[in-house]
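Protein chains get the first letters and strands the later ones, always in sequence-line order, with residue 1 at the start of each.
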Amino acid sequence: MKEQITLLVEQALAALVAQGQLPADVAPKIQIDRTRDKNHGDLASNVALSLAKAAGRPPRELAAQICEALPASPVVTRTEIAGPGFINFFLSDSSSQAVVRSILQQGAGFGRSDVGKGQRVQVEFVSANPTGPLHVGHGRGAAVGDSLCRLLAATGWDVASEFYYNDAGAQIDNLARSVQARCQGLTPDSPEWPEDGYRGDYIHDVARAYLAGETIDAQDRHVTGAGDANNTDAIRDFAVAYLRREQDLDLKAFAVHFDLYFLESSLYQSGAVEETVEQLIANGHTYEQDGALWLRTTEFGDDKDRVMRKSEGGYTYFLPDVAYHLNKWERGFQRVINEQGADHHSTVTRVRAGLQALQKGIPEGWPDYVLHQMVTVMRDGEEVKISKRAGSYVTLRDLIDEVGRDATRYFLVARGPSSQLTFDIDLAMSQSNDNPVYYIQYAHARVCSIQRKLAEQGESWNAERGIENLEQLQEEHEKALLRRLDRYPEVVASAAANSEPHLVANYLKDLAADFHAWYNAHKTLVDDKALRDARLALSEAVRQVIANGLDLLGVSAPESM
RNA sequence: GCGCCAGUAGCUCAGUUGGAUAGAGCAUGCGCCUUCUAAGCGCACGGUCGAGGGUUCGAAUCCUUCCUGGCGCGCCA
């Protein structure tokens with residue numbers, strides 16, 4: 001719709017230039033906006049305002065000339081000049097009703113586009129260390145990342161989702177020591193408890209399972225507990241497998257799927273880590289100091305240089321991170337989006353700097369990052385501190401069990417990633433109308449309910465007749481719904497382009513509100529068959545868009561509630 | 001001290017990339033079920049868009065200086 005209007009305005013401007021009314025060198029970017037107020041028509045343009053200076057004429061006068069020069073079109077019934085010089089476009093009924101036909105024809109495809117042109121994009125998210133269960137923060141990452149994947153796929157990208165599985169390094173040793181301490185009967189209060197050891201109760205669970213000789217079946221590994229409290233390696237393998245299994249179950253319960261789990265340990269096994277170090281040394285960006293090997297990341301915009309190899313010989317996490325991202329690049333991903341918590345934002349410049357230092361022709365701003373701010377959890381009006389090491393914990397599993405998957409996902413994705421989020425457990429658990437997800441789902445269920453009622457009456461919806469009679473939709477509530485439905489594809493495109501799934505969540509709430517208002521004001525199953533079927537077409541279009549939108553958020557669309 | 005993110009109604013948050021009179025939910029008050037599911041609808045109340053300066057036809061939005069909160073500033077990840 002916007003494109004058509006843009007075309008008309010372009011033609012009008014070209015005509016004015018031809019008449020010598022406008023200088024030929026003006027190259028305006030024609031902006032067409034949806035109006036906020038329906039008194040201002042359906043679409044509005046500010047071209048006259050932005051061109052007034054170049055034209056040497058008052059905006060309203062210029063606007064009048066543009067309107068005069070607009071070619072006739074069946075889409076626009078009239079134009080109006082308003083305010084300081086806006087041109088308001090009023091669309092014809094038939095053009096605004098056409099969206100219903102499009103939705104019914106395209107079904108689940110409505111709102112999808114091919115702007116991604118089938119290009120590959122990789123989205124990495126969650127990537128939690130296997131040192132504890134997933135908590136709310138990981139949940140936000142999972143909800144946002146998964147929704148992002150769905151949005152990208154819906155806009156024509158070839159999406160690969162990936163979980164970087166950090167199964168090597170110091171934190172894993174810490175995990176092994178913590179479990180071992182529990183195996184030896186120590187408690188976190190004990191003076192011999194490992195420094196910085198993980199104190200959570202789940203460590204005790206792992207230790208008990210290990211000592212009992214349980215067998216763990218995780219996605220990619222199967223380990224049986226050796227039961228020997230002195231065998232640190234066996235404990236490490238067991239603990240990693242155990243927590244991996246827990247995370248598998250958490251993600252499954254959250255309906256989040258990954259195409260690939262990438263193991264950090266594989267970067268050591270393949271020699272990629274070593275090769276990366278050697279390349280960085282060969283490129284002359286490193287130096288030794290205090291027994292450690294440093295990378296001069298300050299040459300690439302970092303505020304201080306970073307250690308790659310510790311004085312005791314091991315690598316910091318930074319190096320495998322660089323090796324990992326080089327691997328992504330070499331797999332051919334021209335576009336990579338890393339979704340992670342903002343507490344890790346310092347890795348952004350670091351990883352990019354490391355990649356630049358490799359001199360492989362990787363673009364400076366590669367990869368993209370979507371950082372979500374912290375989640376604050378409230379329970380009984382008080383903040384619950386999330387600390388793996390201290391053991392006080394709100395797990396994702398708890399939330400899913402208590403709140404339900406749909407509400408949890410909706411809450412975690414309904415805010416812009418860059419805003420801090422307060423997750424009120426009592427509110428989310430309340431199962432009342434405070435939960436906006438129910439409000440949206442209820443709108444979907446209501447449409448289904450109308451269809452059921454129709455069937456009970458021994459009647460059926462004649463979709464053809466409905467589409468033929470769309471011009472009967474003349475109520476203000478109906479016009480508002482039509483306008484809202486027409487916006488959906490733009491919302492999806494914008495949410496995908498800006499990595500902001502919450503736009504979809506907000507849109508669905510507004511759409512549901514428009515629908516509920518209409519539902520209360522006007523009966524759908526009226527005697528007049530033409531009107532009835534037209535209204536059924538509209539309600540079915542609403543149902544379809546809600547289903548499409550909820551799917552992008554990973555939330556179900558129930559047929560009854 | 002430096003960097004990143006934020007500051008909008010009593011609370012939780014939107015705000016279509018600089019547009020017209022700043023919106024929604026919750027909370028509060030008053031109405032609406034013999035009619036397709038009341039998990040709903042309508043009306044009312046509620047604002048110095050953190051503060052000051054700047055940019056222009058026009059600023060919650062862009063620039064700048066402060067104030068406040070969160071996160072980061074490891075040879076942890």
Note to self: Is the terminal nitrogen or CZ of A/Arg244 (NZ for Lys, CZ for Arg) located under 6.0 angstrom from the six-membered ring centre of A/Tyr261 and within 45° of that ring's axis?
What the structure shows: yes
Notebook entry, point to check: Per the atom types in the model, does the base of B/rA39 pair as donor or acceptor with the side chain of A/Tyr438 at under 3.5 Å?
Noted result: no
Next item on the list: Quickly work out the A/Leu421 CG to B/rG7 P distance and round it to whole Å.
Entry: 14 Å
Item checked: C1'-based separation of B/rG69 from B/rC62 [nearest Å] -> 24 Å
Note to self: I want to confirm an ordering. Mapping A/His522 and A/Pro84 to their closest nucleotides on RNA chain B, which one lands closer to the 5' end?
What the structure shows: A/Pro84
Notebook entry, point to check: Taking the side chain from A/His516 and the backbone from A/Tyr439, do they hold a donor-acceptor pair closer than 3.5 Å?
Noted result: yes
Next item on the list: Rounded to the nearest angstrom, tell me the gap between atom CG in A/Leu293 and atom C1' in B/rC75.
Entry: 11 Å
Check: What residue among A/Phe163, A/Tyr164, A/Phe318, A/Tyr268 forms ring pair (Phe, Tyr, Trp, His ring centres under 6.0 Å) with A/Tyr324?
Finding: A/Tyr164
Check: B/rC76 and B/rG53: how far apart are their C1' atoms, nearest whole angstrom?
Finding: 44 Å
Margin query: I need the CG-P distance between A/Leu49 and B/rG58, as an integer number of Å.
Written below: 11 Å
Next item on the list: Could you tell me whether A/Ala517 contacts a base, only the sugar-phosphate backbone, or nothing, with contacts defined as non-hydrogen atoms closer than 4.0 Å?
Entry: sugar-phosphate
Next item on the list: To the nearest Å, give me how far apart CG (A/Asp33) and C1' (B/rG58) are.
Entry: 14 Å
Next item on the list: Determine the Euclidean distance between corresponding P atoms of B/rU48 and B/rG10; express it in Å to zero decimal places.
Entry: 8 Å
Next item on the list: Could you tell me whether A/Asp527 atom CG has more than 12 heavy atoms of other residues or ligands within 6.0 Å of it?
Entry: no
Margin query: Would the base of B/rG3 count as contacting A/Asp303 through its side chain, where contact means a donor and an acceptor less than 3.5 Å apart?
Written below: no
Check: Just checking A/Asn88: base, sugar-phosphate only, or nothing, at a heavy-atom cut-off of under 4.0 Å?
Finding: base
Margin query: Whether A/Ser539 contacts B/rC36 is assessed here as follows: a side-chain N or O lying under 4.0 Å from the phosphate OP1 or OP2. Is that the case?
Written below: no
Next item on the list: Scan A/Ala82 against the nucleic acid and name what it touches under 4.0 Å (heavy atoms): base, sugar-phosphate only, or nothing.
Entry: base
Next item on the list: Would you mind classifying the nucleic acid contact of A/Arg309 as base, sugar-phosphate or nothing, using non-hydrogen atoms under 4.0 angstrom?
Entry: nothing
Note to self: Applying side-chain contact (heavy atoms from CB on, under 4.5 Å) to A/Thr131 and A/Ile172, what does each step give before you reach the verdict?
What the structure shows: CA-CA 7 Å; A/Thr131 52; A/Ile172 298 298; 4.1 Å; yes
Note to self: Using atom C1' in both nucleotides, what's the gap between B/rA39 and B/rG18 to the nearest angstrom?
What the structure shows: 40 Å
Notebook entry, point to check: Given B/rC76, is OP1 or OP2 found less than 4.0 Å from the side-chain N or O atoms of A/Lys310?
Noted result: yes
Next item on the list: Check whether any side-chain nitrogen or oxygen of A/Arg535 sits under 4.0 Å from OP1 or OP2 of B/rC36, and answer yes or no.
Entry: no
Check: Is the side chain of A/Arg532 donor-acceptor paired with the backbone N or O of A/Thr524 at a distance under 3.5 Å, no angle test?
Finding: no
Notebook entry, point to check: Taking O4'-C1'-N9-C4 for purines and O4'-C1'-N1-C2 for pyrimidines, is B/rU17 syn (within 90° of 0) or anti?
Noted result: syn
Check: Is the aromatic ring centre of A/Phe86 closer than 5.5 Å to the centre of the six-membered base ring of B/rA20, with the two planes inclined by less than 30°?
Finding: yes
Next item on the list: Pick the C1' atom in B/rU28 and in B/rU34, then give their distance to the nearest Å.
Entry: 32 Å
Margin query: Mind checking if A/Ser418 touches a base, just sugar-phosphate, or nothing, with heavy atoms under 4.0 Å?
Written below: sugar-phosphate
Next item on the list: Flag the pair A/Lys328 and A/Glu162 as a salt bridge only when some basic side-chain nitrogen lies within less than 4.0 angstrom of an acidic carboxylate oxygen.
Entry: no
Item checked: For atom CG of A/Asp424 and atom P of B/rC11, their distance in whole Å -> 15 Å
Notebook entry, point to check: Taking CG from A/Asp510 and P from B/rG23, how many angstroms apart are they, rounded to a whole number?
Noted result: 13 Å
Next item on the list: Examine the base of B/rC73 for any acceptor or donor lying under 3.5 Å from a partner atom in the side chain of A/Ser346, and report the outcome as yes or no.
Entry: no
Margin query: Please tell me if A/Thr316 has a side-chain N or O lying less than 4.0 Å from either OP1 or OP2 of B/rC75.
Written below: no
Note to self: Rounding to an integer number of angstrom, what distance separates B/rA6 and B/rC13 when you compare their C1' atoms?
What the structure shows: 13 Å
Notebook entry, point to check: Taking the side chain from A/Ser147 and the backbone from A/Val144, do they hold a donor-acceptor pair closer than 3.5 Å?
Noted result: no
Next item on the list: Provide, to the nearest angstrom, the distance between the CG atom belonging to A/Asn435 and the C1' atom belonging to B/rA24.
Entry: 16 Å
Notebook entry, point to check: Atom OH of A/Tyr315 to atom P of B/rC76: distance rounded to whole Å?
Noted result: 15 Å
Next item on the list: Decide, for B/rC33, between syn and anti: a glycosidic angle within 90° of 0 counts as syn, anything else as anti.
Entry: syn
Check: For A/Arg36 and B/rA20, is the shortest distance between a side-chain N/O and OP1 or OP2 below 4.0 Å?
Finding: yes
Notebook entry, point to check: Which part of the nucleic acid does A/Asp290 contact within heavy-atom distance under 4.0 Å: base, sugar-phosphate only, or nothing?
Noted result: base
Margin query: If you compare every side-chain N and O of A/Thr347 against the phosphate oxygens of B/rA77 (OP1, OP2), does one of them come in below 4.0 Å?
Written below: no
Check: With sugar-phosphate meaning primed atoms plus P, OP1 and OP2, does A/Gly416 contact a base, only sugar-phosphate, or nothing at under 4.0 Å between heavy atoms?
Finding: sugar-phosphate
Check: Across the strands shown, which category fits A/Leu503 at heavy-atom distances under 4.0 angstrom: base, sugar-phosphate, nothing?
Finding: sugar-phosphate
Next item on the list: Using a strict 4.0 Å threshold on nitrogen-to-oxygen distance, state whether A/Asp173 and A/Arg236 make a salt bridge.
Entry: yes
Checklist line | Sole candidate of A/Leu511, A/Asp510, A/Val504 that passes side-chain contact (heavy atoms from CB on, under 4.5 Å) when paired with A/Tyr507 | finding: A/Leu511
Checklist line | Whole-Å C1' distance, B/rU8 and B/rG46 | finding: 13 Å
Next item on the list: May I ask you to say what A/Thr422 touches in the nucleic acid, namely base, sugar-phosphate or nothing, with a heavy-atom cut-off under 4.0 Å?
Entry: sugar-phosphate
Next item on the list: From the options B/rG15, B/rU16, B/rA14, select the nucleotide whose nearest atom is closest to the side chain of A/Arg34.
Entry: B/rU16
Check: Counting side-chain heavy atoms from C-beta on, which of B/rG42, B/rG40, B/rC5 comes nearest to A/Arg446?
Finding: B/rG40
Note to self: Quick check on RNA chain B: between A/Trp294 and A/Val526, whose nearest nucleotide comes earlier from the 5' end?
What the structure shows: A/Val526
Check: Taking A/Arg484 for the side chain and A/Val542 for the main chain, is one N or O donor matched with an acceptor at less than 3.5 Å?
Finding: no
Margin query: If you compare every side-chain N and O of A/His345 against the phosphate oxygens of B/rA77 (OP1, OP2), does one of them come in below 4.0 Å?
Written below: no
Margin query: Between the side chains of A/Glu478 and A/Arg535, is the shortest nitrogen-to-carboxylate-oxygen separation below 4.0 Å, so that they form an ion pair?
Written below: yes
Item checked: All stems with RNA chain B, defined as three or more consecutive Watson-Crick or G-U pairs under 3.5 Å -> B:1-7 with B:67-73, B:10-13 with B:23-26, B:28-32 with B:40-44, B:50-54 with B:62-66
Check: Looking only at side-chain N and O atoms, does A/Tyr410 come under 4.0 Å of OP1 or OP2 in B/rC13?
Finding: no
Notebook entry, point to check: Looking only at side-chain N and O atoms, does A/Lys304 come under 4.0 Å of OP1 or OP2 in B/rG74?
Noted result: yes
Item checked: Ring-on-base stacking B/rG72 with A/His344 (under 5.5 Å, under 30°) -> no
Check: When all nucleic acid strands are considered with a 4.0 Å heavy-atom cut-off, which category describes A/Ser494: base, sugar-phosphate, or nothing?
Finding: nothing
Margin query: Heavy atoms only, 4.0 Å cut-off, all strands: where does A/Ala44 land among base, sugar-phosphate and nothing?
Written below: base
Notebook entry, point to check: Is there a donor on the side chain of A/Asp37 or the base of B/rU21 sitting less than 3.5 Å from an acceptor on the other?
Noted result: no
